[in-house]
**Q** 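The structure that follows is given in the form of structure tokens.
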2 protein chains.
Amino acid sequence: MLSQKTRYTIRALMHLADKYQQGLVPLTDIAEAQNIPAKFLTVILSEMSRAGLVVSQRGRDGGYELALPPVDISYGDIIRISRGSLALVPCASRFAHEKCKNCLEESNCRMRALMLKVRDETAAVLDRISLADPIDMGVMAEG
Amino acid sequence: MLSQKTRYTIRALMHLADKYQQGLVPLTDIAEAQNIPAKFLTVILSEMSRAGLVVSQRGRDGGYELALPPVDISYGDIIRISRGSLALVPCASRFAHEKCKNCLEESNCRMRALMLKVRDETAAVLDRISLADPIDMGVMAEG
DNA sequence: TGTTATGTCAACCATTGCGCTAGACAATGG
DNA sequence: CCATTGTCTAGCGCAATGGTTGACATAACA
């Protein structure tokens, strides 16, 4: 599962993508529109700022905007930055690989091989779609 | 991320699949071979027993075995049973749907649509592979 | 019968992580 | 100078996680 914080992050960046090139968006606007606790959002946006995904301006009429065109920010990037990895287990991460606790030798761990496959499929979806892409709502039909 | 418990569950069931039709496997065998704390494993296997994935026998020479042929147990099933869902957010689960906290209306939530897509891809991988399938170790090459 | 080897179960416990807030500070515009 | 914005570090409370304890049930076997 994605943490609440990661979900907030995604929604906040979606919001900024919607307002791209329309000037700075103050934090409270995002918080209200997206139903995110304002104080918590400061933590989130500061992180995104440090990560280089958004730029901020302080003082009156300050706010946030995306540091890059939405097309250059994929959902994969966002989740990797916020959560560290797309994988279901630490040892199946390609960018933030870490040994799993209480596991056996990685080199012939079948669970790891399986989870790498899942990770790669996940990445195929999430890296292909950027903040600029319209999202196909069709998938919701069957749920 | 999968919880440690879910990882243990998968490895324990893999172990039982390897020993399928070779008689009952005592808990301590699994615990030792798979490096899982024995007492904790009792909790896990009891759950799997209640869920109908394994059958157990008490008393001397007792132990566990899969309740079904390995081919009839997919990794998707295991994870769903252990963790409740394959999805990255509660509202994107197809079998255990739940409203996300602090979200907006689900019906036009783009994040949900995206996460449903990811869930479906994940399910496509995990439901296709069962405990009877050899796992392709090729994916590990690039990591 | 009783002893030993197993699984069952409920309760509990310690630690960690998560979600979030507090509060002091910095900078920008008017 | 003051109002409005973002920045930063600390910390807090709660729930979940990972795991243990210990009493109990059951089965095989001598």
Side-chain angles (χ1 to χ4, degrees), chain A residues 1-12 15-16 23-32 34-67 82-85 88-90 98 100-103, chain B residues 1-12 16 19 23-32 34-67 82-85 88-90 98 100-103:
Chain A
M1 288 274 171
L2 300 181
S3 68
Q4 185 74 337
K5 187 168 160 195
T6 298
R7 295 175 219 173
Y8 287 156
T9 304
I10 292 171
R11 299 221 315 273
H15 190 92
L16 288 179
L24 295 169
V25 183
L27 185 137
T28 47
D29 281 19
I30 308 175
E32 274 171 31
Q34 296 293 327
N35 194 25
I36 303 172
K39 269 296 194 179
F40 196 28
L41 187 54
T42 66
V43 176
I44 290 168
L45 288 175
S46 293
E47 273 182 31
M48 289 303 106
S49 174
R50 275 192 296 270
L53 287 195
V54 309
V55 291
S56 60
Q57 177 154 6
R58 299 215 254 202
R60 194 168 154 168
D61 301 329
Y64 299 87
E65 63 187 351
L66 292 185
S82 169
R83 168 169 111 137
S85 162
L88 286 177
V89 291
E98 215 173 313
C100 292
K101 207 191 134 203
N102 275 41
C103 225
Chain B
M1 288 275 173
L2 300 181
S3 68
Q4 185 74 341
K5 188 169 160 194
T6 298
R7 294 175 219 171
Y8 287 156
T9 303
I10 293 171
R11 298 221 316 273
L16 289 179
K19 310 286 184 193
L24 295 168
V25 183
L27 185 138
T28 47
D29 281 19
I30 308 174
E32 275 171 29
Q34 296 294 326
N35 194 24
I36 303 173
K39 271 300 196 180
F40 196 29
L41 187 53
T42 68
V43 177
I44 290 169
L45 288 175
S46 292
E47 272 182 31
M48 289 302 106
S49 173
R50 274 192 295 273
L53 287 195
V54 309
V55 291
S56 60
Q57 177 153 6
R58 299 215 253 201
R60 196 167 152 171
D61 301 330
Y64 299 87
E65 63 186 352
L66 292 184
S82 169
R83 169 170 108 137
S85 162
L88 286 177
V89 293
E98 215 174 315
C100 291
K101 208 191 134 203
N102 275 41
C103 225

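In the text below, chain A, chain B and the rest are named by the order of the sequence lines, each starting its count at 1.
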**Q** Of the non-hydrogen atoms in Thr9(A) and Ser82(A), which two are nearest, and what is the gap between them?
**A** OG1-OG, 3.9 Å
**Q** Would you kindly give the CG-to-P distance between Asp29(B) and dT6(C), to the nearest whole Å?
**A** 9 Å
**Q** For the pair made of CG in Leu24(A) and C1' in dT4(D), what is the distance, rounded to whole Å?
**A** 13 Å
**Q** Ile36(A) has an atom CD1; how far is it from atom C1' of dG6(D), in whole Å?
**A**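 In whole Å, dG6(D) C1' lies 16 Å from Ile36(A) CD1.
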**Q** What is the distance, rounded to the nearest whole Å, between atom CD1 of Ile44(B) and atom P of dT17(D)?
**A** 13 Å
**Q** Provide a list of protein-nucleic acid N or O atom pairs under 3.5 angstrom, restricted to nucleotides 26-30 of chain C.
**A**
from: dA26(C); atom 1: O3'; to: Arg58(A); atom 2: NH2; distance (Å): 3.3
from: dT28(C); atom 1: O2; to: Arg60(A); atom 2: N; distance (Å): 3.1

**Q** With heavy-atom distances below 4.5 Å as the criterion, would you say the side chains of Thr6(A) and Leu88(B) are in contact?
**A**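 Thr6(A) does not reach Leu88(B) side chain to side chain.
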**Q** Would you indicate what Leu27(A) reaches in the nucleic acid, counting non-hydrogen atoms under 4.0 angstrom: base, sugar-phosphate, or nothing?
**A** sugar-phosphate
**Q** Calculate the interatomic distance between Tyr64(B) atom OH and dA5(C) atom C1'; express it in whole Å.
**A**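 Atom-to-atom, Tyr64(B) to dA5(C), this comes out as 13 Å.
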**Q** Could you list the protein-to-nucleotides 14-20 of chain C atom pairs, N/O on both sides, closer than 3.5 Å?
**A**
from: dG19(C); atom 1: OP1; to: Gln4(A); atom 2: N; distance (Å): 2.7
from: dC20(C); atom 1: OP1; to: Lys101(B); atom 2: NZ; distance (Å): 3.0
from: dC20(C); atom 1: OP2; to: Tyr8(A); atom 2: OH; distance (Å): 3.1

**Q** Just the rounded figure in Å: distance from C1' of dA16(D) to CE of Met1(A).
**A** 14 Å
**Q** Could you tell me whether the side chain of Ser49(A) and the main chain of Leu45(A) form a donor-acceptor pair under 3.5 Å?
**A** no
**Q** Taking only side-chain nitrogens and oxygens of Thr42(A), does any of them come within less than 4.0 Å of OP1 or OP2 of dG6(D)?
**A**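 No, Thr42(A) has no side-chain N/O under 4.0 Å of OP1/OP2 on dG6(D).
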**Q** Just how far is it from atom CD of Gln34(A) to atom CG of Leu41(A), taken to the nearest 0.5 Å?
**A** 9.5 Å
**Q** Do Tyr64(A) and Leu16(A) make a side-chain contact, defined as non-hydrogen atoms from C-beta onward lying under 4.5 Å apart?
**A** yes
**Q** Does Ser56(B) make a side-chain N or O approach to OP1 or OP2 of dT8(C) shorter than 4.0 Å?
**A**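 True: Ser56(B) side-chain N/O within range (under 4.0 Å) of dT8(C) OP1/OP2.
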**Q** Check Ala67(B) against Gly52(B) and note the closest heavy-atom contact, atom names and distance.
**A**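 Smallest heavy-atom distance, with atoms named: CB-O, 3.3 Å.
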**Q** Expressed as a whole number of angstroms, how long is the span from Glu47(B):CD to dT17(D):C1'?
**A**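 Checked: the CD to C1' distance equals 13 Å.
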**Q** Using a cut-off of strictly less than 4.0 Å, decide whether Ser46(B) has a side-chain nitrogen or oxygen near OP1 or OP2 of dT8(C).
**A** yes
**Q** Tell me: CZ of Arg50(B) to C1' of dA10(C), nearest whole Å?
**A** 11 Å
**Q** Answer yes or no: is there a donor N or O on one side and an acceptor on the other, between the side chain of Asn102(B) and the main chain of Asn35(A), under 3.5 Å?
**A** yes
**Q** If you measure from OG1 on Thr42(A) to CD on Glu47(A), what distance do you get to the nearest 0.5 Å?
**A**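 Interatomic distance, Thr42(A) OG1 to Glu47(A) CD, rounded to 0.5 Å: 10.0 Å.
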**Q** Taking side chain as C-beta onward, heavy atoms only, is Pro90(B) less than 4.5 Å from Arg7(A)?
**A** yes
